[in-house]
Visitor: 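Before we start, here is the structure in question, set down as structure tokens.
Being a predicted model, the structure only gives us computed values, none of them experimental. Quick note: residue numbers are just sequence positions, from 1.
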Amino acid sequence: MRLMMICLLSNREYSHRFIVRGFWRDQAYGPNHSLRRRQWIPPFVKGPADKPLICKETVRIWKR
């Protein structure tokens with residue numbers, strides 16, 4: 001419900017599609033969604049289907 005409300009309020013238009021990397025989410029469950037469990041969300045493609053897919057090599061540098 002919350003995600004749907006955010007999407008409806010957003011005026012965001014993507015000019016391309018891109019890959020979202022996987023991440024961990026604290027998934028609500030149980031009575032009144034009062035409990036949480038770690039849920040892995042796998043990588044997925046985000047953006048409109050009629051736009052080109054942009055694939056870039058991501059380099060992360062950990063600098064001390």
Side-chain angles (χ1 to χ4, degrees):
M1 179 71 169
R2 181 175 170 219
L3 179 61
M4 188 169 57
M5 289 171 52
I6 292 171
C7 290
L8 291 175
L9 296 175
S10 174
N11 295 354
R12 186 172 298 159
E13 285 190 34
Y14 294 111
S15 60
H16 58 273
R17 294 182 299 153
F18 54 95
I19 298 172
V20 177
R21 66 183 190 151
F23 58 94
W24 288 100
R25 170 183 289 161
D26 285 329
Q27 179 72 44
Y29 75 104
N32 297 323
H33 298 281
S34 61
L35 303 172
R36 300 285 186 267
R37 69 175 161 230
R38 300 279 286 171
Q39 176 77 37
W40 173 251
I41 307 300
F44 60 94
V45 177
K46 187 171 185 174
D50 62 335
K51 302 293 182 182
L53 177 62
I54 304 296
C55 294
K56 294 182 180 180
E57 184 176 334
T58 302
V59 178
R60 299 190 192 322
I61 300 173
W62 182 26
K63 193 173 180 180
R64 289 185 175 197

Visitor: D26 and R38: salt bridge (charged side-chain N to carboxylate O under 4.0 Å, His left out), yes or no, with the steps?
Guide: CA-CA 5 Å; D26 285 329; R38 300 279 286 171; 3.7 Å; yes
Visitor: Once you round to the nearest 0.5 Å, how far does NZ of K46 lie from CZ of R17?
Guide: 14.0 Å
Visitor: For a quick test of reading the model, state the closest non-hydrogen atom pair linking S15 to P52 and the distance between them.
Guide: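 Here S15 and P52 meet closest at O-CD, 3.9 Å.
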Visitor: Where is the tightest heavy-atom contact between G30 and L35, given as atom of each residue plus distance?
Guide: CA-CD1, 4.3 Å
Visitor: Any salt bridge (charged side-chain N to carboxylate O under 4.0 Å, His left out) pairs touching residues 50-64, not counting sequence neighbours?
Guide: none
Visitor: Any chance you could pull the hydrophobic cluster mates of F23, using side-chain heavy atoms under 4.5 angstrom and chaining through other members?
Guide: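 For the cluster that includes F23, the remaining residues are Y14, F18, V20, I41, F44.
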Visitor: Find the distance between CZ (R25) and CZ (R36) and round it off to the nearest 0.5 Å.
Guide: 11.5 Å
